[in-house]
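What you see below is based on every heavy atom in this structure, not just the backbone, and it leaves out hydrogens, waters and symmetry mates. Nothing here was measured: the structure is a model prediction, and the numbers come from that model. So that the names make sense, note that chain A is the first sequence line, chain B the second, and so on, each numbered from 1.
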Number of protein chains: 4
Amino acid sequence: MQVIVDFTVIPIGVGVSLSPYVAACEKVLTDAGLRHTLHANGTGVEGEWDEVFAALRRCHEVVHQMGAPRISTMIKVGTRTDKPQTMAEKVQSVRTKMGS
Amino acid sequence: MQVIVDFTVIPIGVGVSLSPYVAACEKVLTDAGLRHTLHANGTGVEGEWDEVFAALRRCHEVVHQMGAPRISTMIKVGTRTDKPQTMAEKVQSVRTKMGS
Amino acid sequence: MQVIVDFTVIPIGVGVSLSPYVAACEKVLTDAGLRHTLHANGTGVEGEWDEVFAALRRCHEVVHQMGAPRISTMIKVGTRTDKPQTMAEKVQSVRTKMGS
Amino acid sequence: MQVIVDFTVIPIGVGVSLSPYVAACEKVLTDAGLRHTLHANGTGVEGEWDEVFAALRRCHEVVHQMGAPRISTMIKVGTRTDKPQTMAEKVQSVRTKMGS
């Protein structure tokens with residue numbers, strides 16, 4: 001099952017700067033060979049359900065290893081059976097309706 | 001890795017009533033032997049990372065089989081390495097601070 | 001506009017225990033006279049859009065005053081025009097489908 | 001209070017294509033004069049708390065007027081008191097840690 005996911009990892013109990021942990025998760029996704037896009041409030045990633053969630057689990061493991069005793073992650077998951085769709089196509093679909 | 005998850009499944013393109021799909025996902029969790037609690041805006045579930053996310057995948061499969069061409073699911077994921085904690089303990093911890 | 005909201009407040013940069021902050025937000029909701037229900041992974045609240053979001057803003061103010069330099073909050077918002085519905089009715093609707 | 005928000009609006013009971021509704025919400029944000037960025041799984045927006053949530057309320061009103069009887073919206077809200085920060089700076093902060 002193909003999935004489009006958007007997630008935000010929040011390490012708890014390690015200070016106010018989160019970017020080193022986000023950077024570490026970006027590396028996990030790259031190492032997993034998953035297509036992904038960083039934005040201001042999270043990261044979008046697309047791929048097979050099992051591969052994507054294995055990478056998110058790996059991300060939790062890495063962030064714990066970096067010293068975070070607690071992690072809260074927010075994940076949006078989209079699947080569809082009517083047609084295949086990439087993240088790029090989702091953005092394009094909105095832009096077309098906006099006439100741009 | 002032990003995980004506490006809270007999720008909301010939203011089938012898209014199948015009408016305004018979502019409760020039959022939520023009920024189907026509750027059954028998936030029960031069949032998987034995972035401890036879970038329904039609340040007004042989602043379902044809490046606790047267990048091993050791989051088991052919990054396999055159940056969520058199964059839930060997506062079941063909801064698609066029920067006729068939903070598209071699903072958007074919101075998942076909150078919590079892990080911690082400092083101590084084990086159940087969902088019941090999380091609620092109790094807040095209630096203690098509230099003096100009730 | 002009537003709204004049902006479910007939210008989770010995560011103070012960042014203040015240590016691993018979040019329950020004192022959650023308890024403070026519960027008090028904000030009680031003081032605002034809003035019907036609300038604590039569960040393991042968040043709090044459900046129902047009321048008029050403006051009153052609910054004013055309370056959530058107040059919650060952020062209080063948690064900052066308690067010493068959190070940064071807060072990340074996850075909010076699910078539901079509105080409907082087909083019929084009025086309470087949080088209690090949402091749970092009951094699923095339970096009916098589950099035959100319980 | 002300055003806020004960075006990321007939101008995803010999901011109209012329920014209106015078919016499988018969501019992009020016309022997303023486009024309508026983008027227009028609401030533009031008309032409100034709020035800085036915002038569309039991505040594959042939502043929209044980031046920054047501004048004063050009250051202005052941002054008034055725009056999100058307006059977005060719900062518009063999507064209901066377009067025919068959606070029910071809407072579920074997911075919102076991530078970030079506030080901080082330690083320093084001002086824009087969405088562009090959040091992305092840059094991660095990129096710096098990634099050495100790019």
* Structure fact -> If you tally heavy-atom pairs under 4.5 Å between each of B:E89, B:R80, B:K76, B:K27 and chain C, the highest tally belongs to B:K76
* Heavy atoms only: give me the nearest C:K97-B:S19 pair and the separation to one decimal. => NZ-OG, 2.9 Å
* To do: Measure distances from C:D82 to the heavy atoms of chain B and classify the residue's part below 4.5 Å as side chain, backbone, both or neither.
  => side chain
* Structure fact -> Minimal heavy-atom distance between B:H39 and C:V91, with the atoms involved, is C-CG2, 3.6 Å
* Asked: Side chains of B:L38 and C:R95: does their closest heavy-atom pair fall under 4.5 Å?
  -> yes
* Asked: Any idea which heavy atoms bring C:A23 and B:M98 closest together, and the distance?
  -> CB-CG, 3.6 Å
* Any donor-acceptor pair under 3.5 Å linking the side chain of C:K90 with the backbone of B:A40? -> yes
* Asked: What are the two closest heavy atoms between C:N41 and B:V5, and how far apart are they?
  -> ND2-O, 3.8 Å
